[in-house]
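Each chain gets a letter, A, B and so on, in the order the sequences are listed, and its residues count up from 1. Note that these values count all heavy atoms, side chains included, but never hydrogens, waters or copies made by symmetry.
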Number of protein chains: 2
Amino acid sequence: MGKVLSTAEVRRETVVASAIRAFSRSGYLGTPIAKVAEEARISTAYVFKLFPGKEALFVAALERCFELVLEALEAGAAGATEQTPEGVLDAMGDAYAHLIADRDLLMLQVHAQSASDVPEVRQALQRGLARVTEFAASRSGADDSSVQRFIAYGQLCHLIVTVGVENIDSNWARLLSEGITHPA
Amino acid sequence: MGKVLSTAEVRRETVVASAIRAFSRSGYLGTPIAKVAEEARISTAYVFKLFPGKEALFVAALERCFELVLEALEAGAAGATEQTPEGVLDAMGDAYAHLIADRDLLMLQVHAQSASDVPEVRQALQRGLARVTEFAASRSGADDSSVQRFIAYGQLCHLIVTVGVENIDSNWARLLSEGITHPA
DNA sequence: GGAGGTAGTGAGTGTACGGTCACTCATATG
DNA sequence: CATATGAGTGACCGTACACTCACTACCTCC
């Protein structure tokens with residue numbers, strides 16, 4: 001927090017950023033550390049000096065991902081035109097939809113769910129989901145079922161993107177993405 | 001359809017069943033064909049005689065998965081106490097929750113989303129989602145936004161299982177799983 | 001200028017896995 | 001019996017990848 005970052009710690013942060021991009025493209029098992037290293041303009045060996053192993057790197061990326069999501073929700077809530085519970089929830093939803101237009105943070109969460117049989121990954125997911133849910137509830141003041149719906153539609157959003165519903169011209173496709181904010 | 005199955009085709013079906021179990025446990029990339037073969041009491045080489053490759057086997061498993069889901073929804077709808085749109089949707093929701101108590105069909109869908117960068121997998125997902133959505137809409141007669149909500153809460157269900165919300169004793173966890181039918 | 005620590009790397013090792021191939025065994029048919 | 005066909009397998013190959021280690025380049029402070 002108050003501590004000045006050493007060069008290695010700065011490096012770690014850039015590597016985490018690269019890891020988010022790389023892992024989001026091909027998932028936990030599908031992404032070799034070498035790809036992350038390449039993306040960070042660093043040797044593969046050095047990645048292992050900065051992180052104890054692939055698992056820890058993935059978890060670090062996932063944690064950063066949730067941090068970014070929370071920041072976006074916070075900003076969205078602050079910019080809500082109506083500060084009613086539903087108004088705030090809607091604003092957070094829009095902010096989330098806007099944030100994940102680049103797909104990186106979204107896909108990383110999807111891949112993390114798929115890798116949730118790794119205990120550390122599952123725990124990171126739990127922590128992230130806890131923070132998001134608790135923040136959405138307390139910041140909006142909405143009742144439980146509204147918050148539950150908020151999370152559920154977030155997941156629907158993930159489905160829409162992974163399946164590529166957006167570029168299907170069909171009734172069922174329109175039905176699913178109705179009201180989900182477009183990446184204009 | 002009317003054709004009598006040859007032994008090889010029977011074999012293919014049992015292998016698909018094994019594939020569902022194996023892939024659901026460790027995902028597309030995390031599951032070696034050898035594990036599927038072992039589960040089916042068959043040599044690895046023979047799996048490659050029955051299916052052109054890993055990708056095709058995974059897709060076959062995914063397609064079977066959606067078939068089972070549709071059957072469950074159909075049965076659930078038929079057993080609905082009230083044949084109103086909302087009543088039928090609720091019954092289908094309960095049937096789905098009951099079906100995926102064993103986690104196999106659920107996890108397979110999650111892993112498929114993570115592997116959706118493989119075109120064949122993405123297309124299989126599209127077909128499956130299309131059939132499920134269209135069936136839910138036409139069989140229940142509910143309006144679009146209700147069907148959308150139905151799918152969204154299905155995804156929430158996936159999230160709850162993958163992150164293991166059920167065995168967390170905390171407010172946010174209860175909030176998320178409220179009203180989702182338990183595997184009693 | 002040299003001693004010691006920190007950033008960073010090249011070249012490897014062991015292993016797991018997708019896919020292939022040459023083969024065996026059982027059955028059926030004439 | 002001879003032969004053909006399809007079920008089923010063991011042994012193998014090439015490659016990709018997580019992780020290691022011995023090493024160099026640089027920086028800083030005396």
Worksheet item: So among B:Arg25, B:Arg64, B:Glu39, which one has a side-chain contact (heavy atoms from CB on, under 4.5 Å) with B:Ile20?
Response: B:Arg64
Worksheet item: Do the side-chain N or O atoms of B:Arg11 get closer than 4.0 angstrom to the phosphate oxygens (OP1, OP2) of D:dG6?
Response: no
Worksheet item: Which of residues 26-44 of chain B sit near DNA chain D, with a heavy atom under 4.0 Å from it?
Response: B:Ile42, B:Ser43
Item to complete: State whether a side-chain donor-acceptor pair under 3.5 Å links B:Ser146 with B:Glu86.
Response: yes
Fill in: Nearest atoms (heavy-atom pairs only) where B:Gln148 meets A:Ile180
NE2-CG1, 4.3 Å
Worksheet item: Which pairs pass salt bridge (Lys or Arg N to Asp or Glu O under 4.0 Å) with one or both residues in residues 27-38 of chain A, sequence neighbours excluded?
Response: A:Lys35-A:Glu38
Discussion item. Tell me which residues in residues 110-123 of chain A lie within less than 4.0 Å of DNA chain D, going by non-hydrogen atoms.
Written reply: none
Fill in: B:Glu63 with B:Arg131: basic N within carboxylate O range, under 4.0 Å
no
Practice prompt. List in numerical order all residues of residues 49-62 of chain B for which some heavy atom is under 4.0 Å away from an atom belonging to DNA chain C.
Written response: B:Lys49, B:Gly53, B:Lys54
Worksheet item: If you measure from the Lys or Arg side-chain nitrogens to the Asp or Glu carboxylate oxygens, is any gap between B:Arg174 and B:Asp169 under 4.0 Å?
Response: yes
Fill in: B:His158 side, atom NE2; B:Leu106 side, atom CG - distance, nearest 0.5 Å
4.0 Å
Worksheet item: Where do B:Cys65 and B:Gln109 land on the side chain to side chain contact (heavy atoms under 4.5 Å, CB included) test, with the steps shown first?
Response: CA-CA 8 Å; B:Cys65 165; B:Gln109 291 179 62; 4.0 Å; yes
Worksheet item: What distance do B:Asp94 atom CG and B:Leu99 atom CG have between them, rounded to the nearest 0.5 Å?
Response: 12.5 Å
Worksheet item: In whole angstrom, what separates B:Tyr46's OH from C:dC23's C1'?
Response: 16 Å
Worksheet item: If you take all heavy atoms of A:Ser177 and A:Val165, which pair is closest and at what distance?
Response: OG-CG1, 4.3 Å
Practice prompt. Find the distance between NE2 (A:His111) and OG1 (A:Thr162) and round it off to the nearest 0.5 Å.
Written response: 9.5 Å
Worksheet entry | Range-with-range stems of DNA chain C (Watson-Crick or G-U pairs under 3.5 Å, three or more in a row) | C:1-30 with D:1-30
Item to complete: Output all residues satisfying ring-ring contact (aromatic ring centres under 6.0 Å, His included) with A:Phe58, sequence neighbours left out; order by chain, then residue number.
Response: A:Phe23, A:Tyr28
Fill in: Whole angstrom value for the distance that separates P of C:dG8 from CZ of A:Arg12
11 Å
Fill in: Proximal nucleotide (of C:dG19, C:dC21, D:dC21) relative to the A:Ala45 side chain
D:dC21
Worksheet item: What are the two closest heavy atoms between A:Val132 and A:Val69, and how far apart are they?
Response: CG2-CG1, 4.2 Å
